[in-house]
2 protein chains.
Amino acid sequence: MNEARPVTRIQQKNRATILDAALDVFSQRGFGGATVDQIAATAGLSKPNLLYYFPTKETIYEALLGGLLDTWLDPLRAMRPSGEPLPEILAYVQRKLEMSRDFPRESRLFANEIIQGAPLIESELSGALRSLVDEKAEIINQWADEGRIARVNPHHLFFSIWSLTQHYADFDVQVRAVLGEGVDDPFPEAEIYLTTLFTRMLTPS
Amino acid sequence: MNEARPVTRIQQKNRATILDAALDVFSQRGFGGATVDQIAATAGLSKPNLLYYFPTKETIYEALLGGLLDTWLDPLRAMRPSGEPLPEILAYVQRKLEMSRDFPRESRLFANEIIQGAPLIESELSGALRSLVDEKAEIINQWADEGRIARVNPHHLFFSIWSLTQHYADFDVQVRAVLGEGVDDPFPEAEIYLTTLFTRMLTPS
DNA sequence: GTCTATAGACGGATAGAC
DNA sequence: GTCTATCCGTCTATAGAC
């Protein structure tokens, strides 16, 4: 019964512009602190026009968050039991750090959602996330069994990787304030530090 | 000219109740996402009565944040050059972890403020915080010079301590979701993991 | 000190012209 | 598809009775 409603180029472009603007605003003020007006202004659209593309403020937020966890976990999925243990883990750390450098707004959006109790994604956290982490934790334990890395609590190992890498996106302001004017890009230093940290943590004694 | 206006017991109690309620709300929703109504309801007061004690929403927020950074840094101030290097640092890690366990709301309030660009405390970050960290970084470098700990980037060492310990407060929901029902208190595990991590990072090779 | 009532601004969302 | 105008609910904050 429905006519074909092809998504025009202008529609796609506007939706993308809106989502980018919304990422700006939501990642900095959280869901409740953001206003549709701010998003519309950032996107260069009128408020009613924005609401023509996304019927409600919540729709925009959900569109951003949906799939973000998935993207966020891609580097972890890439960790293979067949590889060399330490390089596999260090590569994971590095990819996560690159994501913090290249997608800091996504990281902050996620942080905001978790800090506020993850009302929208808690089921995914205890579902898909937990399964994936349990699976990869098994690999860590296996490697420890084989004596190829030091034995560590695998879940807390992952917590520490997430925490340390995302810190450089989420707490960017503080990092730059503490390092001062002399350092205009903290990431090279961070990469060296984190590589050292996890190498010392995981090298068998 | 002014009469003495003694702060009555009931005033003190109400102010404390309000600040506690505000900490609940602000730490979970951020400044913009919080409403005075929610704070008043949590405190068990009417909105106008709450505004009798604090004239504006901002006043409450500032009262909470003011001094929080100071309290947060007390454990770092306690780090003494005269002590044994590794135990001094591990004691700092432990105190920070205890603060995350005992004052998670304060940690989240702080995290919210930083993520949102630290509009209220950026000057303190690049002032008092930076000075203190620079001073303590010198101690770390000194210890490394003397061969008593491994050489590490001292600023990033502090970043990693903050990041790892505060993670257990700020990302509590995620930590619990990943660990599952079997673990009802992540902190004992966290303490063991972090002690191991920093011991391996800092023990001279 | 605490309340009810309400002012006045701003929020999300809609109507309807073009 | 995009706009102006506007509805209506909620927000911060105040007035004024008790």
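Order of the sequence lines sets the chain letters (A, B, ...), proteins ahead of strands, with each chain counted from 1.
Using cut-offs of 30° and 60° for the angle between ring planes, the Tyr61(B) and Phe26(B) rings count as perpendicular. Under the 30°/60° scheme for interplanar angles, the aromatic rings of Phe159(B) and His156(B) are found to stand perpendicular. Relative orientation of the Phe158(B) and Tyr92(B) rings is perpendicular, given thresholds of 30° and 60° on the angle between their planes.
Residue-environment remark: CZ (Arg200(A)) exceeds the threshold of 12 foreign heavy atoms within 6.0 Å. Residue-environment remark: CD (Glu138(A)) stays at or below the threshold of 12 foreign heavy atoms within 6.0 Å.
Regarding Gln12(B), its CD atom lies at a distance of 11 Å from the P atom of dG1(C), rounded to whole Å. To the nearest angstrom, P of dT10(D) lies 14 Å from CZ of Arg29(B).
In this structure, Asp70(A) pairs ionically with Arg77(A), as a charged nitrogen and a carboxylate oxygen lie closer than 4.0 Å. Between Arg148(A) and Glu84(A), at least one side-chain nitrogen of the basic residue sits less than 4.0 Å from a carboxylate oxygen of the acidic one, meeting the salt-bridge criterion.
Distances shorter than 4.0 Å separate some side-chain N or O of Ser46(A) from OP1 or OP2 on dC3(D).
Without hydrogens or angle criteria, Ser107(B) side chain to Phe103(B) main chain gives no donor-acceptor distance under 3.5 Å.
Of the residues in residues 31-40 of chain A, those lying under 4.0 Å from DNA chain C by heavy-atom distance are Ala34(A), Thr35(A), Val36(A), Asp37(A). If you check residues 47-57 of chain A against DNA chain C, the residues with a heavy atom closer than 4.0 Å are Lys47(A), Pro48(A), Leu51(A), Thr56(A), Lys57(A), listed by number.
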